[in-house]
Protein chains: 2
Amino acid sequence: MINPSTDRLRSQGYRMTPQRLVILSILENAGRHLSPQEIFERCRQALPGMTEATVYRTLNFLTEQGLVLPAHIGSGQLVYEIASHEHHHLICRACGETREVDHALLQSLYQQFQVSTGYRIDSMHVTFFGLCPACQNTVVA
Amino acid sequence: MINPSTDRLRSQGYRMTPQRLVILSILENAGRHLSPQEIFERCRQALPGMTEATVYRTLNFLTEQGLVLPAHIGSGQLVYEIASHEHHHLICRACGETREVDHALLQSLYQQFQVSTGYRIDSMHVTFFGLCPACQNTVVA
DNA sequence: ATAAATGCAAATAGTTTGCATGCCC
DNA sequence: GGGCATGCAAACTATTTGCATTTAT
């Protein structure tokens, strides 16, 4: 076995390529979500010939394969992060600071949805907006 | 007083126009969120000369004025709905059916966030995805 | 060898902007 | 009448697609 991601792809008849490796490694090291543009810029440092089309295609592909996760944050654009532990985001609408929220906190809410609506919730990712402690003191609501 | 929305705009030095009235009326009658494109198409039936630029400008303006609310749903595009009661959405990822979720259900979650993170949450709108009761029987997870 | 993946370039979708004209108050 | 708002057209951003070439297996 070469590495888990490579094996995962090969077992499905797909290939591991330098471009895919670079994107995975960028997301692993980022430790936070990145936009396609941010990813593209970092890619060019490792692979100068890489194009935006490849970034988008690769992100879609890796999402299908479950290796990365897309998330909606403000301004309606998708951002991506490495698929590891389940969590959600809390974003400060004043300073933009992002915090992770563990999935467990949402479990009881999902439970209530299930009971009152019959829906089986499977949102992988939800983003909440608010004011972080620091900004609550400086920003006028 | 002519109507509440008109008064609201005039009191701020803005004007009520046929275009704004049509968009507000479309959103009131829709009873659900609509995309800019859907709004544009319905506008043209009432005001054939209307352009997409005006739709976008008007939606941004009405959002600033608090008369309509933007919401993120799947695929990263913004949709709009009339500003009335606070609620959230539950969308079936199989059939696309949308259900409203009362804001009260999220209050206790917000409370927990507040305690454990210090954030003051003010998300006006959160969308959850899942499977509606009907689709749970027909769709393979 | 062969099918998958990339690079390149062009196309598409969604949204925003500048500017002259029109129209609400 | 004065200034806000619209229509028109063009610009812009983000993303997708077709096709020839390259490359992982």
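Numbers restart at 1 for each chain; the letters A, B, ... are given by sequence-line order, proteins then strands.
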Whether B:E28 side chain and B:I23 backbone form a donor-acceptor pair below 3.5 Å: no
Polar side-chain atom of A:N3 near backbone of A:T6 as donor-acceptor pair, under 3.5 Å: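 Yes; judged by distance alone, with no hydrogens or angles, the pair exists.
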Comparing B:G13 and B:G49 on DNA chain D - which has the more 5′ nearest nucleotide: B:G13
Gap between atoms CE and C1', on B:M50 and C:dG22 respectively (whole Å):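 For the pair B:M50 CE and C:dG22 C1', the rounded distance is 15 Å.
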Interatomic distance where CG belongs to B:L47 and P belongs to D:dT6 [whole Å]: 10 Å
Between side-chain atoms of residues 44-53 of chain B and protein atoms elsewhere (two or more places apart, or another chain), which donor-acceptor pairs fall under 3.5 Å?
unit_1: B:R44; atom_1: NE; unit_2: B:P48; atom_2: O; d: 3.3
unit_1: B:R44; atom_1: NH2; unit_2: B:P48; atom_2: O; d: 2.6
unit_1: B:T51; atom_1: OG1; unit_2: B:T54; atom_2: N; d: 3.4
unit_1: B:T51; atom_1: OG1; unit_2: B:T54; atom_2: OG1; d: 3.1

Where at least one partner belongs to residues 26-57 of chain B, residue pairs that pass ring-ring contact (aromatic ring centres under 6.0 Å, His included), sequence neighbours excluded: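 Listed once each, the pairs are B:H33-B:H89.
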Side chain to side chain, A:Q12 and A:D7, heavy atoms closer than 4.5 Å: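 No, too far: nothing below the 4.5 Å cut-off.
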Relative orientation of the end axes in the helix from C:dA1-D:dT25 to C:dC25-D:dG1, expressed as an angle to the nearest 10° (five pairs per end):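 That helix gives 40° between its end axes.
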From B:I82 atom CD1 to B:L62 atom CG, the distance as rounded to the nearest 0.5 Å: 8.0 Å
Spacing of A:L90 atom CG and A:E100 atom CD [to the nearest 0.5 Å]: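 That separation rounds to 11.0 Å.
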Geometric class of the A:H88/A:Y110 ring pair [parallel <30°, tilted 30-60°, perpendicular >60°]: perpendicular
Give me, pair by pair, the N or O atoms of the protein and of nucleotides 23-25 of chain C that are less than 3.5 Å apart, along with how far apart they are.
unit_1: C:dC24; atom_1: O3'; unit_2: B:M16; atom_2: O; d: 3.3
unit_1: C:dC24; atom_1: O2; unit_2: B:R15; atom_2: NE; d: 3.4
unit_1: C:dC24; atom_1: O2; unit_2: B:R15; atom_2: NH1; d: 3.2
unit_1: C:dC24; atom_1: O2; unit_2: B:R15; atom_2: NH2; d: 3.4
unit_1: C:dC25; atom_1: OP1; unit_2: B:R10; atom_2: NE; d: 2.8
unit_1: C:dC25; atom_1: OP1; unit_2: B:R10; atom_2: NH2; d: 2.8
unit_1: C:dC25; atom_1: OP1; unit_2: B:M16; atom_2: N; d: 3.2
unit_1: C:dC25; atom_1: OP2; unit_2: B:R10; atom_2: NH2; d: 2.8

Under 4.0 angstrom between B:Q12 side-chain N/O and D:dC4 OP1 or OP2: no
Below 4.0 Å: OP1/OP2 of D:dT13 and any side-chain N or O of A:Q37: no
Which residues share a side-chain hydrogen bond (donor to acceptor under 3.5 Å, both in side chains) with B:R32, sequence neighbours left out: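 For B:R32, the residues satisfying side-chain hydrogen bond (donor to acceptor under 3.5 Å, both in side chains) (neighbours in sequence not counted) are B:E38.
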Interface residues of residues 51-61 of chain B with DNA chain C (non-hydrogen, below 4.0 angstrom): B:A53, B:Y56, B:R57, B:N60
Cation-aromatic face contact A:R20/A:F61, 6.0 Å, 45 degrees: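 Here A:R20 passes the 6.0 Å and 45° test against A:F61.
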